[in-house]
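From a predicted model like this one, the values you see are computed outputs, not experimental measurements.
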Amino acid sequence: MLKPGLTLFVLLIVSIAYAEQPVSGYEFLTPETRAMQDDDFENPGMSAVDDGRALFHQSNADGKSCAGCHGINGSKLSTKHIAKYPVYSKELQRPITLQRQIHLCWEDQLENIPLIYDSNDSVALETYVRYLARGEVVDVDITGPMKPFYDAGEELYNMRFGQIDMACVHCHVYHQGKRLRGQVLSQGQSNGFPEYRLGSGRITSLHRRLSECFVSFRAQPFSFGSEELINLEVYVHARGNGLKIETPAVRY
């Protein structure tokens, strides 16, 4: 038989391993909030989908639009490829997020005025494109050239920050399922982003949510689109490999 101290240690390791099995934040919602997310007429995040759809089909002065390349309602887009973002760019030699890819198309292919990372239009377009892949399985490749960026994101995920001296792993691995200020801590999975946050009453990108967490640590957040947040996005998305995309999810 195992000694009591060793038994406790083994149980801790098992519980941590279990916590690392991907579970969508949907499973931590009340039945009422699940119903809100499931009903497109009740889901408040669908307004961002509508805004993104309008931008996707909007023609510029030359008559060009996203739909001109990718089809009406994105019919020519591969939902499986959307589910793979962030992906490695050989040209840039670094990961590229879905929002950044939208920026590149917007600027290079349509010759529009550049979008600001995490601006309202950027998030609306990202929400719409990712919504098109709703139900597709997250499948971020972290092998080959992506591995160093995944590792860098994992290091940040486990790093303590701010005056509170906390890391992402504390809430979303060690204490997932426990209550914090009246809400249950989820695994912090990203399969629903961009998502509608009931607490703030707005559609929220992953980078904005990560920044909000840094502020709660009383730490200086990284800039939207920064190398650090992109590495964290690689890690967090890959951590949810196998989960279905729920964009726009509804969360607290």
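Atom CZ of R218 has 12 or fewer heavy atoms from other residues, nucleotides or ligands within 6.0 Å. In this structure, I164 places its CD1 atom where more than 12 heavy-atom neighbours from other residues, nucleotides or ligands lie under 6.0 Å away. Counting non-hydrogen atoms of other residues, nucleotides and ligands closer than 6.0 Å to CD1 of I113 gives a total of 12 or fewer. With a 6.0 Å radius and a threshold of 12 heavy atoms from other residues, nucleotides or ligands, D38 has its CG atom above the threshold. Within a 6.0 Å radius of CD in E227, other residues, nucleotides and ligands contribute 12 heavy atoms or fewer.
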Stepwise side-chain contact (heavy atoms from CB on, under 4.5 Å) test for Y252 and L29: CA-CA 8 Å; Y252 302 122; L29 300 176; 3.6 Å; yes
Would V234 and M146 count as a side-chain contact (heavy atoms from CB on, under 4.5 Å) if you check the C-alpha gap in whole Å, the side-chain angles of each, and the deciding distance to 0.1 Å? CA-CA 8 Å; V234 170; M146 282 287 279; 3.8 Å; yes
Worked check of side-chain contact (heavy atoms from CB on, under 4.5 Å) between R239 and V173: CA-CA 11 Å; R239 183 171 175 261; V173 176; 3.4 Å; yes
Please test Q189 against V138 for side-chain contact (heavy atoms from CB on, under 4.5 Å), starting from the C-alpha separation and ending with a verdict. CA-CA 11 Å; Q189 296 291 355; V138 178; over 6 Å; no
In sequence, state the C-alpha distance, the side-chain angles, and the governing distance for H237 and Y85, and then conclude on ring-ring contact (aromatic ring centres under 6.0 Å, His included). CA-CA 8 Å; H237 274 320; Y85 277 89; 9.5 Å; no
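Of all heavy-atom pairs between P86 and E233, the closest is CG-CG, 3.8 Å. Annotation for R130 and P194: closest pair CD-CD, 4.3 Å, computed over non-hydrogen atoms. Closest heavy-atom contact between L132 and L77: CD1-CD1, 3.9 Å. For the residue pair S223 and L229, the shortest heavy atom distance occurs at O-CD1, 3.3 Å. Closest approach of N241 to P22, counting heavy atoms only: O-CG, 3.8 Å. Minimum interatomic distance between V49 and Y131 (heavy atoms only, all atoms of both residues): CG1-CD2, 3.6 Å.
Linking Ile, Leu, Val, Met, Phe, Trp and Tyr whenever their side-chain heavy atoms come within less than 4.5 Å leaves I102 and I116 in two separate clusters. Under the 4.5 Å side-chain heavy-atom criterion for grouping Ile, Leu, Val, Met, Phe, Trp and Tyr, F224 is not connected to V123 through any hydrophobic cluster. Taken together through direct or relayed side-chain contacts under 4.5 Å among Ile, Leu, Val, Met, Phe, Trp and Tyr, Y196 and L206 form parts of separate hydrophobic clusters. With hydrophobic clusters built from ILVMFWY side chains whose heavy atoms lie under 4.5 angstrom apart, Y157 does not share a cluster with L243. If you chain together hydrophobic residues whose side chains sit under 4.5 Å apart, F161 and M166 fall into the same group.
Listed by chain and number, the residues in a salt bridge (charged side-chain N to carboxylate O under 4.0 Å, His left out) with E212 are R209 (sequence neighbours excluded). Not counting sequence neighbours, E126 has no partner by the salt bridge (charged side-chain N to carboxylate O under 4.0 Å, His left out) test. R100 is linked by a salt bridge (charged side-chain N to carboxylate O under 4.0 Å, His left out) to nothing, counting only residues two or more places apart in sequence or in another chain. Under the salt bridge (charged side-chain N to carboxylate O under 4.0 Å, His left out) criterion, R134 pairs with D40, sequence neighbours left out. Partners of L110 by side chain to side chain contact (heavy atoms under 4.5 Å, CB included), not counting sequence neighbours, listed by chain and number: N60, K64, C66, W106, N112. Listed by chain and residue number, E107 satisfy the side chain to side chain contact (heavy atoms under 4.5 Å, CB included) test with P114 (two or more places apart in sequence, or in another chain).
Listed by first and then second residue, the salt bridge (charged side-chain N to carboxylate O under 4.0 Å, His left out) pairs that reach into residues 45-63 are D50-R53, sequence neighbours excluded. Pairs passing the salt bridge (charged side-chain N to carboxylate O under 4.0 Å, His left out) check and including a residue from residues 158-169, sequence neighbours excluded, read R160-D165. Listed by first then second residue, pairs satisfying side-chain hydrogen bond (donor to acceptor under 3.5 Å, both in side chains) with a partner in residues 69-78 number zero, not counting sequence neighbours. Residue pairs meeting the salt bridge (charged side-chain N to carboxylate O under 4.0 Å, His left out) criterion with at least one partner in residues 142-157, sequence neighbours excluded, are K147-D151. For residues 28-69, the ring pair (Phe, Tyr, Trp, His ring centres under 6.0 Å) pairs, not counting sequence neighbours, are F56-Y128. Sorted by first and then second residue, the salt bridge (charged side-chain N to carboxylate O under 4.0 Å, His left out) pairs involving residues 241-252 (not counting sequence neighbours) are E246-R251.
At least one donor-acceptor pair closer than 3.5 Å links the side chain of T247 to the backbone N or O of F193. Judged by distance alone, the side chain of S122 and the main-chain N or O of Y117 form no donor-acceptor pair under 3.5 Å. Side chain of S24 to backbone of E27: no donor-acceptor contact under 3.5 angstrom is found. With hydrogens and angles disregarded, a donor-acceptor distance shorter than 3.5 Å links the side chain of N43 to the backbone of P248.
L104 has its side chain within reach of I96: a pair of non-hydrogen atoms, C-beta onward, lies under 4.5 Å apart. Using a 4.5 Å cut-off on side-chain heavy atoms (C-beta onward), D141 and V87 make no contact. Proximity of M36 to L198: side-chain heavy atoms (C-beta onward) are separated by under 4.5 Å at one or more points.
Ion pairing of R208 with D118 is present here, as a side-chain N (NZ or NE/NH1/NH2) and a carboxylate O approach within less than 4.0 Å.
Taken from CG in L210 to CD1 in I230, the straight-line distance is 11.5 Å, to the nearest 0.5 Å. To the nearest 0.5 angstrom, L156 atom CG is 4.5 Å from L232 atom CG. Note that the CG atom of L55 and the OG1 atom of T127 stand 10.5 Å from one another [nearest 0.5 Å]. With values rounded to the nearest 0.5 angstrom, Q37 atom CD is found 6.5 Å from Y26 atom OH. Here the OG atom belonging to S119 is positioned 8.5 Å from the CG atom belonging to L125, to the nearest 0.5 angstrom. With values rounded to the nearest 0.5 angstrom, L98 atom CG is found 14.0 Å from K84 atom NZ.
Ring geometry for H170 versus Y174: interplanar angle of 30 to 60°, hence tilted. Using bins of under 30°, 30° to 60° and over 60° for the plane-to-plane angle, the ring pair F214/F222 lands in the perpendicular bin.
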